[in-house]
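In what follows, a structure is listed as structure tokens, so that the remarks can point back to it.
The model shown is predicted, which means the values in this text are computed figures rather than measured ones. Note that ligands are numbered from 1 as they come in the structure, with each ligand's atoms numbered from 1 the same way.
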Amino acid sequence: MKLFFRIAALTVVAITSATSTAATRWDMTTPYVDATHHTQNIRQFAEDVKMATDGEFEIIVHAGASLIKHKEIARAVRTQQVPIGEVFIGILGNDDPIYKLDNLPFLATNFAQAKKLYEVSKSALEAKLNKDGLMLLYSVPWPPQGIYSKEPLTNMENFKGAKLRAYSSTLSRLAVLLDASPTTVQTVEIPQAFSTGIIDMMITSPTTGVSSQSWDYVNNYTDAQAWIPKNMVIVNKRAFKRLDKSLQQALLTAAAAAESRGWEMAISETQSKTQELAEHGMNVVLPSAELMTALKAVGDKMAQEWAEEAGKEGKALLAEYQ
Ligand code: PCA
């Protein structure tokens, strides 16, 4: 009993509730709504943990930033406000260059390359998280990022002066290099940002294009496959250590399954959601060779800038990937 109280006092988040039979309950905070594969995958992950522990360990998923705003999720997990959460890696770009790498345009543009970039950068990512008292559980990509515009995208001039939605510092930098003006808009606010004229262009996945009903605001989707960004599920290290060994193991096993399932989901969404865009009347096109060449040149410049910022380790990492 004494031990129980000590644990209870230390544990802000793993509460034993009178209404639940689970001995350990974790609140999990995630940024995206149920209509995304990330959230669906997380719900399955929570279910797997519960099954594997005979209901001993329950993870309550609070999706769509309902518990904590996206920008604050990483800090909330670090400070043990919640033991576990999901974030878009790129949203942490200002904290460390390693988080920017995930959004660099035209570095990894298909899933095989994205996997390789993940493998090459994983230990640096884990090291940074570890320093902050965090642990990487798993990471899952979005489908490749394409360009949503009112007018057909024919050349680089089309970006000039555009009000381009940005979801990370890397994407903001890209906007500036394209002579567009970046505006930060969260996914749930996309429709309103378009309808009030705060943005008139965005670069995101077909998944988000569908969930935001982009066809109501723009007519053109240019399937540029510009980069493949990822989300990551992170856990507070101390909260993890306090779990019984068997619960730790259940969490890790479910995480490994979620990672491979999530990658498969992203791959199949790429096709199905792009098709959905077309079905809603969106003009889905591939970029011209001329446009791609110009965009890739901007990508190269950004990779160089990144290597400068990330220093020796960053350069080595990039060299290993390339
Ligand atoms: N959707 C999220 C992140 C990347 C993506 O495809 C967004 O647009 O914010």
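A distance of 6.0 Å or more separates the ring centres of Trp215 and Tyr148. Between Phe45 and Tyr138, the ring centre distance stays below 6.0 Å.
Counted by atom type alone, Lys150 and Asn220 present zero donor-acceptor pairs between their side chains at under 3.5 Å. A donor-acceptor contact closer than 3.5 angstrom is absent between the side chains of Thr39 and Asp34.
Within the structure, the side-chain hydrogen bond (donor to acceptor under 3.5 Å, both in side chains) test picks out the following pairs touching residues 288-315 (sequence neighbours left out): Lys100-Glu309, Arg173-Glu305.
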What are the polar N/O contacts of ligand 1 with the protein below 3.5 Å, with distances?
from     : atom 1 : to     : atom 2 : distance (Å)
ligand 1 : 1 (N)  : Thr204 : OG1    : 3.2
ligand 1 : 1 (N)  : Thr208 : OG1    : 2.7
ligand 1 : 6 (O)  : Gln145 : NE2    : 3.1
ligand 1 : 6 (O)  : Thr204 : OG1    : 3.2
ligand 1 : 6 (O)  : Ser205 : N      : 3.2
ligand 1 : 6 (O)  : Ser205 : OG     : 2.6
ligand 1 : 8 (O)  : Arg165 : NH1    : 2.8
ligand 1 : 8 (O)  : Arg165 : NH2    : 3.4
ligand 1 : 8 (O)  : Thr204 : OG1    : 2.7
ligand 1 : 9 (O)  : Arg165 : NH2    : 2.8

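The side-chain tip of Lys116 points at the ring of Tyr321 from less than 6.0 angstrom away and within 45° of straight on.
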